[in-house]
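A quick note: this is a predicted structure, and the numbers were derived from the prediction, not measured. All values below come from the heavy atoms of this structure, side chains included, with hydrogens, waters and symmetry mates left out. For ligands, and for the atoms within them, numbers begin at 1 and follow the listed sequence.
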Amino acid sequence: MVMTSTTPTHSTTEHDAALPVLDLREFDPGTDPAVRSRFLERLRETCHDVGFFYLVGHGIGDTLFREVEEVTRAFFALPEADRMAIAMTRSPHFRGYTPLGGELTNGRADRREEIDLGEATIKAIHYPPSGPGCDHQGVGTHRDFGLLTFVLQDAVGGLQVERDGCFFDVPHLPGALVVNLGEMLQLATHGYLKATVHRVISPPAGVRRFSVIYFFNPRLDATLTPIDLPAELAAQATGGHSADPDNPILATYGENILKVRLRAHADVAQLHHADLLAAES
Ligand SMILES: O=C(O)CCC(=O)C(=O)O
Ligand SMILES: [Fe+2]
């Protein structure tokens, strides 16, 4: 792993060792049962220890990845008026385009523009270069709030994952998806599986970063009940919903995401959900 201080930096060495690499072909039907069970063992350990991994052997071709990246770049190259025509401020459902400065994490504006699409959200993101005096927060430190997140990132880098109080770079691994766990899986396993804190540092001057994310989430009205763990796993579970006392995870997915959305998109909340804001304060 590449170790960096908690001060944002771009380090570029030891790319190969950044995160565990899991090859989904090891789990293909017909594969040697010993290989399949070793795969499951590594998956469990990785989701417990790190909460983040590279997934290869997923069967998605380079052509599709390239097309997704091209469509993403084309969208963000549209005139601003066209992007704003589908602004999230027009959607009570928190769907559509969010311009630069329109989203907050931990009370500070993220330096990115994005579009949120569909029911299980797909999010395409553009991180513009750092400017003079910029605070370099592409997206601030956070946990994802659903079940599983699949990230397709370009070659620029800037995604960082927290472990033991330090942030580690997650450099681009060609052909791989970066997979991480969300709060609902942490809650459902009493914290045995980890929703790991991460962030994105703005690219250096002159460089733009693009990423496309698929958030695999439960139904909005689904309430997750923590499962009974085998004793040896329960002994290593650190507590699900209350692991972070300042930011408890809510068991009904819709409430958990609404909490985040109201904070992150204060303008959308004010326009469409003033009643909820009033109820919160
Ligand atoms: O752009 C990325 O690589 C990750 C962004 C992220 O963590 C998020 O939007 O939840
Ligand atoms: Fe995230």
Is there a donor-acceptor contact under 3.5 Å linking the side chains of [X] and [Y]?
{"X": "E113", "Y": "H126", "result": "yes"}
{"X": "T121", "Y": "R95", "result": "yes"}
{"X": "Q236", "Y": "Y192", "result": "no"}
{"X": "D267", "Y": "T89", "result": "no"}
{"X": "N106", "Y": "T141", "result": "yes"}

Query raised in the report: Hey, is the main chain of L185 close enough, under 3.5 Å, to the side chain of T189 for a donor-acceptor pair?
Result: yes
Query raised in the report: Do any N or O atoms from the side chain of D154 and from the backbone of R209 form a donor-acceptor pair under 3.5 angstrom?
Result: no
Requested in this report: Ignoring hydrogens, just give me the one of D116, I213, V178, N180 whose non-hydrogen atom is nearest atom 4 (C) of ligand 1.
Outcome: I213
Requested in this report: Name the option, out of Q153, H198, R209, that contains the heavy atom nearest to atom 2 (C) of ligand 1.
Outcome: R209
Side chain or backbone of [X] under 4.0 Å from ligand 1, or both, or neither, by non-hydrogen atoms?
{"X": "F215", "answer": "side chain"}
{"X": "T149", "answer": "neither"}
{"X": "D144", "answer": "side chain"}

Do me a favour and list the nearest non-hydrogen protein atom to [atom] with residue, atom name and distance?
{"atom": "atom 5 (C) of ligand 1", "value": "Y127 OH, 3.3 Å"}
{"atom": "atom 8 (C) of ligand 1", "value": "H142 NE2, 3.6 Å"}
{"atom": "atom 9 (O) of ligand 1", "value": "R112 NH1, 3.1 Å"}

Query - Over 12 non-hydrogen atoms of neighbours within 6.0 angstrom of CD in E232 - result: yes
Report task. Under 4.0 Å from a heavy atom of V151: give me the atoms of ligand 1 that qualify, with their elements. Result -> 3 (O)
Query - Validation row, ring centre F94 to ring centre H273 under 6.0 Å - result: yes
Report task. Compute the centroid of each ring, for F65 and then for H58, and state whether the two points are separated by less than 6.0 Å. Result -> yes
Query raised in the report: Sorted by chain and residue number, which protein N/O/S atoms are under 2.8 Å from the Fe ion (ligand 2)?
Result: H142 NE2, D144 OD1, H198 NE2
Requested in this report: Test the R199-F167 pair against the cation-pi criterion, namely NZ or CZ under 6.0 angstrom from the six-membered ring centroid and within 45° of the ring axis.
Outcome: yes
Requested in this report: Before signing off on this row, confirm whether K123 and ligand 1 have an N or O atom pair separated by under 3.5 Å.
Outcome: no
